[in-house]
Amino acid sequence: MTETATTNEPARVGIVGLGGMGVQHARAVDSLGHCVVGGADIDPETRDQFGEEFAARTYETHEALYEGEELDAVLIATPNKFHEPTAVAALERGLDVLIEKPLAHTLESAKRIAQTEQTADGFGMVGFHNRFAPATTVFKEYQANDAFGDVTHVQVNYVRRRGIPGRDSWFTDPELAGGGALIDIGVHAIDLALYVLGFPRVVEATGISRSEFGWRPQYVDPDRPESSDWDVDETSFAVDDSASAFIRTADDRTVSVEVAWAASQTSRNDVIVRGTDGGGAFELGGDSLTIHHTSTRGTPHYRTSEITATPYRTPHETQLEMFLEAVATDEPPACNTFDQALTVQKIVDAVYRSEEAGYPISLTHIDEETPV
């Protein structure tokens with residue numbers, strides 16, 4: 001980390017991966033009063049557009065970016081497979097790193113990133129931005145004030161009626177992404193559920209992933225008609241488009257997860273929390289929280305509270321604000337850590353293994369069997 005990172009001066013930020021998410025990050029960096037000084041992407045047209053919008057120098061590789069610019073921090077928005085080389089190289093230079101979820105495309109790669117951080121001068125965060133949505137922050141405040149008692153079960157649904165990324169997108173390439181819907185949107189659901197529970201020790205996970213829509217030549221998406229009539233078959237679409245999972249913690253709390261890029265049902269993206277003294281429900285990325293209680297005041301009755309919070313920033317902006325404040329003060333945040341993201345990655349790996357094995361998978365066995 002360079003000297004200015006320990007002052008209140010703007011952080012000098014480099015961005016690797018200059019597509020849609022990279023541009024979104026860059027705009028947020030500007031709006032927060034920090035400086036995008038450079039970017040890296042393999043596509044020359046993308047580099048030109050980025051350089052013109054942000055008046056930043058651009059490079060073909062992350063190595064050239066790191067050599068060519070004096071940076072305090074790096075934001076990584078590449079396909080999952082390239083998280084490891086870009087993050088490890090940055091951490092080894094003492095730079096702070098924010099990686100878009102998931103931590104990596106495989107558990108082995110995720111472990112290497114996390115291990116590198118342990119001995120590096122820089123720190124890491126992972127982009128699980130739903131933690132910073134107004135509904136989530138309000139829920140955590142009520143939870144801290146014991147509105148729910150002991151939370152014993154969390155149910156998360158992140159289901160799109162239609163929404164498979166394009167067949168030519170890296171999201172549907174198992175070599176680049178590491179999986180399909182589970183590793184794409186499923187990690188958001190798993191992370192948020194564990195965040196609600198306070199990230200307890202997870203002991204096992206079971207589940208199954210499915211590919212039911214993406215391989216159909218006449219997959220129909222009314223919101224994106226151009227994605228209908230794909231030139232695909234069961235061999236060319238090789239990732240899951242939905243998954244169901246069940247997670248158990250060491251103290252017997254549980255999480256159930258339903259995720260889908262496509263499903264024959266109404267879209268939903270809700271979190272349902274079951275506590276001994278009350279329950280809650282809110283949407284991923286939402287502004288509103290519903291709290292369920294019962295009471296004996298006057299006569300036994302149900303009591304339902306509806307709370308709506310006004311967002312000051314988007315969840316992505318709030319997350320980035322926390323990261324850049326940590327960069328400026330040289331104080332690693334306790335939220336969205338690599339260790340927490342590694343737990344999410346282990347669960348994803350366990351669900352995929354469980355599908356093959358036909359029984360729950362112990363996370364302890366995963367640790368023992370997965371080399372670094």
Side-chain angles (χ1 to χ4, degrees), residues 32 98 101 123-158 187-203 247-257 269-297 301-329 331-344 347:
L32 292 168
L98 172 64
K101 60 78 195 168
F123 66 80
M125 281 183 65
V126 178
F128 290 114
H129 66 275
N130 288 295
R131 297 190 190 193
F132 300 93
T136 310
T137 56
V138 169
F139 171 85
K140 292 297 287 185
E141 184 66 24
Y142 274 86
Q143 184 181 31
N145 284 277
D146 208 29
F148 308 103
D150 183 21
V151 176
T152 56
H153 181 72
V154 181
Q155 176 185 341
V156 189
N157 303 284
Y158 197 163
V187 292
H188 276 307
I190 294 167
D191 174 79
L192 197 57
L194 294 181
Y195 181 57
V196 165
L197 292 174
F199 260 86
R201 184 169 69 88
V202 177
V203 294
I247 302 160
R248 183 170 67 86
T249 71
D251 55 357
D252 286 333
R253 289 184 284 171
T254 52
V255 175
S256 60
V257 176
N269 62 337
D270 54 336
V271 182
I272 302 168
V273 180
R274 186 186 306 166
T276 55
D277 296 334
F282 58 95
E283 290 192 345
L284 284 84
D287 301 338
S288 300
L289 167 68
T290 302
I291 299 177
H292 301 286
H293 285 126
T294 56
S295 176
T296 58
R297 293 181 180 179
H301 62 276
Y302 296 107
R303 178 163 57 89
T304 302
S305 303
E306 300 284 350
I307 301 163
T308 300
T310 301
Y312 175 60
R313 301 188 190 278
T314 69
H316 280 102
E317 290 170 338
T318 305
Q319 172 183 263
L320 190 56
E321 182 179 38
M322 174 185 282
F323 173 71
L324 292 174
E325 285 179 356
V327 171
T329 59
E331 291 290 336
C335 190
N336 291 49
T337 65
F338 280 4
D339 282 345
Q340 292 172 346
L342 183 58
T343 295
V344 174
I347 293 169

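- The aromatic rings of Phe148 and Phe139 lie parallel to each other, their planes meeting at an angle below 30°, with 60° marking the opposite boundary.
- For the residue pair Thr249 and Asp251, a side-chain donor N or O sits within less than 3.5 Å of a side-chain acceptor on the partner.
- Smallest separation of non-hydrogen atoms from Ile307 and Ile291: CD1-CD1, 3.7 Å.
- Looking at every heavy atom in both residues, Asp287 comes nearest to Pro134 through OD1-CG, 3.5 Å.
- Of all heavy-atom pairs spanning Ser288 and Ala135, the tightest one is O-CB, 3.5 Å.
- Minimum interatomic distance between Leu194 and Pro200 (heavy atoms only, all atoms of both residues): O-CD, 4.1 Å.
- Between the side chain of His293 and the main chain of Ser305, no donor-acceptor pair closer than 3.5 Å is present.
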### Task
Give the intermediate values and the outcome of side chain to side chain contact (heavy atoms under 4.5 Å, CB included) for residues Met125 and Met322.
CA-CA 10 Å; Met125 281 183 65; Met322 174 185 282; 4.2 Å; yes

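- Scored by the ring-ring contact (aromatic ring centres under 6.0 Å, His included) test, Tyr158 finds no partners at all (sequence neighbours excluded).
- In this structure, OG1 on Thr304 lies 7.0 Å from CD on Glu306, to the nearest 0.5 angstrom.
- Here Arg201 contributes atom CZ and Arg248 contributes atom CZ; the two are 9.5 Å apart, rounded to the nearest 0.5 Å.
- In this structure, CD1 in Ile247 is found 5.0 Å from CD1 in Ile190, a value given to the nearest 0.5 Å.
- A distance of 5.5 Å separates CD in Gln319 from CG in Leu98, rounded to the nearest 0.5 Å.
- Within the 4.5 Å cutoff, the side chain of Phe128 has heavy atoms near those of the Val187 side chain.
- The shortest distance between side-chain heavy atoms of Val255 and Leu197 falls below 4.5 Å.
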### Task
Assess whether side chain to side chain contact (heavy atoms under 4.5 Å, CB included) is satisfied between Lys101 and Asp191, documenting all intermediate values.
CA-CA 10 Å; Lys101 60 78 195 168; Asp191 174 79; over 6 Å; no

### Task
Go through Phe282 and Thr136 one step at a time and tell me if the side chain to side chain contact (heavy atoms under 4.5 Å, CB included) criterion holds.
CA-CA 8 Å; Phe282 58 95; Thr136 310; 3.6 Å; yes

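- Taking each heavy atom of His129 and Pro315 in turn, the nearest pair found is O-CB, 3.3 Å.
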### Task
Test side chain to side chain contact (heavy atoms under 4.5 Å, CB included) on Asn130 and Tyr195 and set out the steps.
CA-CA 10 Å; Asn130 288 295; Tyr195 181 57; over 6 Å; no

### Message
Between Asp339 and Thr337, is the side chain to side chain donor-acceptor pair (under 3.5 Å) condition met? List the steps.
### Response
CA-CA 5 Å; Asp339 282 345; Thr337 65; 5.4 Å; no

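- Between Ile272 atom CD1 and Thr290 atom OG1 the span is 10.5 Å, to the nearest 0.5 Å.
- Atom CZ of Phe199 has more than 12 neighbouring heavy atoms from other residues, nucleotides or ligands inside a 6.0 Å radius.
- Taking OH from Tyr312 and CD from Glu317, the interatomic distance works out to 9.5 Å, rounded to the nearest 0.5 Å.
- Here the closest non-hydrogen pair linking Val273 and Val151 is CG1-CG1, 3.5 Å.
- Between the side chain of Gln143 and the main chain of Val196, a donor-acceptor pair closer than 3.5 Å is present.
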